[in-house]
Amino acid sequence: MWRERQRLRPPPPLLVAAAALVVVSALASAPEAALQVGFYHETCPIAEDVVLAEMRLILMEDATVAPALLRMHYHDCFVQGCDGSIMLRSRKKGNKTERDALPNRSMRGYDAIERIKARLEAVCPLTVSCADIIAMAARDAVYLSHGPWYDVETGRRDGNLTVAEYVENDLPPPDSNIVDVKTFFSVKSLNSKDIAVLFGCHSIGTSHCGPIQKRLYNFTGSMDQDPSLNPDYAAELKKLCPPPRPGVDDDGGEGKTKVPLDPGSNYTFDLSYYRHVLATGGLFQSDGSLLHDPVTRGYVEKVAKAKSPDEYYADFAAAMVKMGRTDVLVGDLGEIRPTCGIFVD
Ligand code: HEM
């Protein structure tokens, strides 16, 4: 167990450099450009150190940025691939970008990514992509929330194709059942186990009331509550999130109240999310949907009673690396932008 924990911690910089050198030289003759651990070893050797150092400072100022950046990596990867396009601001003239789409209205952490980007531009201009910064920041967010360390692959380049409508097409909504969830994830080559593993991201962070209003107050359209939600938990949620008032709460549920995704430990990345889902049905219907499929339910039950986090942490690392490969731009494709949120032209 101790050995396993050691493996999941960041290795000393010298070892990273040596390992990266092996990977880089092994891939130097690869016919196609691909993601690799330590992609910036030659072009910006301190890239990962800069990201981690800046993340420490950012989270000291506001610990809630950690879950926001983990979520950002997911939203970036699922829409147009992990290409940093989630960062682009809509231009005055032109289509609305992903950033302005409804599911991203509650997205936070854009300033943190720009802050890291500015630090990197100062030391390695036009070298490190925004997509990679988001992927590294997501890894560091987990690690700095007491979760596992894992080697993040880099070498992504940034995309500038961003369409607001794609966001709702590509991201499953919180009232998804397991069939919907599996459909959305299989399009990204993620299987049932990956789903069960990645949903553990909801071990940290919060939600606005909007995404759970239907589950609490109008589940089937007849002012009812989701019967699969534990009644005591539902009562607690109802205290925090009263019924929306027509004409007053018409902001899509983006009010000030926030509810924890994993009550009691929502700033610690751990296994308690799985115990929470099993005991209560989870915060979102999509969390509870894990219990309605034999593979995902089996996984939830296994992790919920695990004595050590090691196996889950190894699964998590593998699933994050897999998600991080979704439709990436590598080699000569895409671009490196000086500012993540601004189109280059
Ligand atoms: C069916 C899949 C998923 C659905 C429906 C879903 C939905 C949501 C919703 C509605 C929120 C609350 C947003 C708000 O109101 O502020 C949220 C938060 C969050 N999601 Fe997910 N999510 C899914 C999968 C994932 C995955 C795969 C990850 C990570 C890889 C993830 C990471 C997070 C994190 C960390 C937060 C907290 C954000 C914060 O505190 O600012 N989610 N999610």
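The figures that follow rest on heavy atoms only: side chains count, while hydrogens, waters and symmetry mates do not. Counting starts at 1 for both ligands and their atoms, in listed order.
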Is the closest N or O pair between H202 and ligand 1 shorter than 3.5 Å?
yes
Could you tell me whether E311 and K302 make a salt bridge, using a distance below 4.0 angstrom between a side-chain N and a carboxylate O?
yes
Tell me, please, whether Y110 has R99 positioned over its six-membered ring: NZ or CZ under 6.0 Å from the ring centre and within 45 degrees of its axis?
yes
Quick check on contacts: which atoms of ligand 1 are under 4.0 angstrom from a heavy atom of G205?
37 (C), 40 (O)
Polar contacts were defined as any N/O atom of the residue lying under 3.5 Å from an N/O atom of the ligand; does this apply to T206 and ligand 1?
yes
Sub-4.0 Å atoms of ligand 1 with respect to non-hydrogen atoms of F199
1 (C), 2 (C)
Atom 21 (Fe) of ligand 1 contact by C201, N, O or S atom under 2.8 Å:
no
Taking 4.0 Å as the limit for heavy-atom contacts, which would you say applies to H73 with ligand 1: side chain only, backbone only, both, or neither?
neither
Salt bridge E335-R337, side-chain N to carboxylate O under 4.0 Å
yes
Examine the side chains of D180 and T183 and answer whether a donor and an acceptor come within less than 3.5 Å of each other.
no
Could you tell me if the ring centre of H146 sits under 6.0 Å from that of Y267?
no
Numbered in order shown, the ligand 1 atoms found under 4.0 Å of a heavy atom of I204 are 35 (C), 37 (C)
Any idea which part of S286 is under 4.0 Å from ligand 1, heavy-atom wise: side chain, backbone, both or neither?
side chain
Applying a 4.0 Å heavy-atom criterion (strictly less than), which segment of P211 is in contact with ligand 1: side chain, backbone, both, or neither?
side chain
Those atoms of ligand 1 less than 4.0 Å from some heavy atom in P172:
1 (C), 2 (C), 5 (C)
Could you tell me, atom by atom, which parts of ligand 1 come under 4.0 Å of a heavy atom of R108?
39 (C), 40 (O), 41 (O)
Which of the atoms in ligand 1, numbered in the order shown and given with their element, are less than 4.0 Å from a heavy-atom of P173?
5 (C)
Is the shortest side-chain N to carboxylate O distance from R215 to D175 below 4.0 Å?
no
When you look for heavy atoms under 4.0 Å from ligand 1, do you find them on the side chain of L261, its backbone, both, or neither?
side chain
Just to check, does S176 reach to within less than 4.0 Å of ligand 1 when the distance is taken from its heavy atoms?
no
I'd like the name of whichever of F185, F284, F316 reaches closest to atom 8 (C) of ligand 1 through any heavy atom.
F284
Charged N-O contact under 4.0 Å between D83 and R157:
no
F184 heavy atom under 4.0 Å from ligand 1
no
Would you call D345-R91 a salt bridge at under 4.0 Å N-O?
yes
Which residues end up grouped with I336 if you chain together Ile, Leu, Val, Met, Phe, Trp and Tyr wherever their side-chain heavy atoms are less than 4.5 Å apart?
none
Could you tell me whether E48 and R139 have a side-chain N and a carboxylate O separated by less than 4.0 Å?
yes
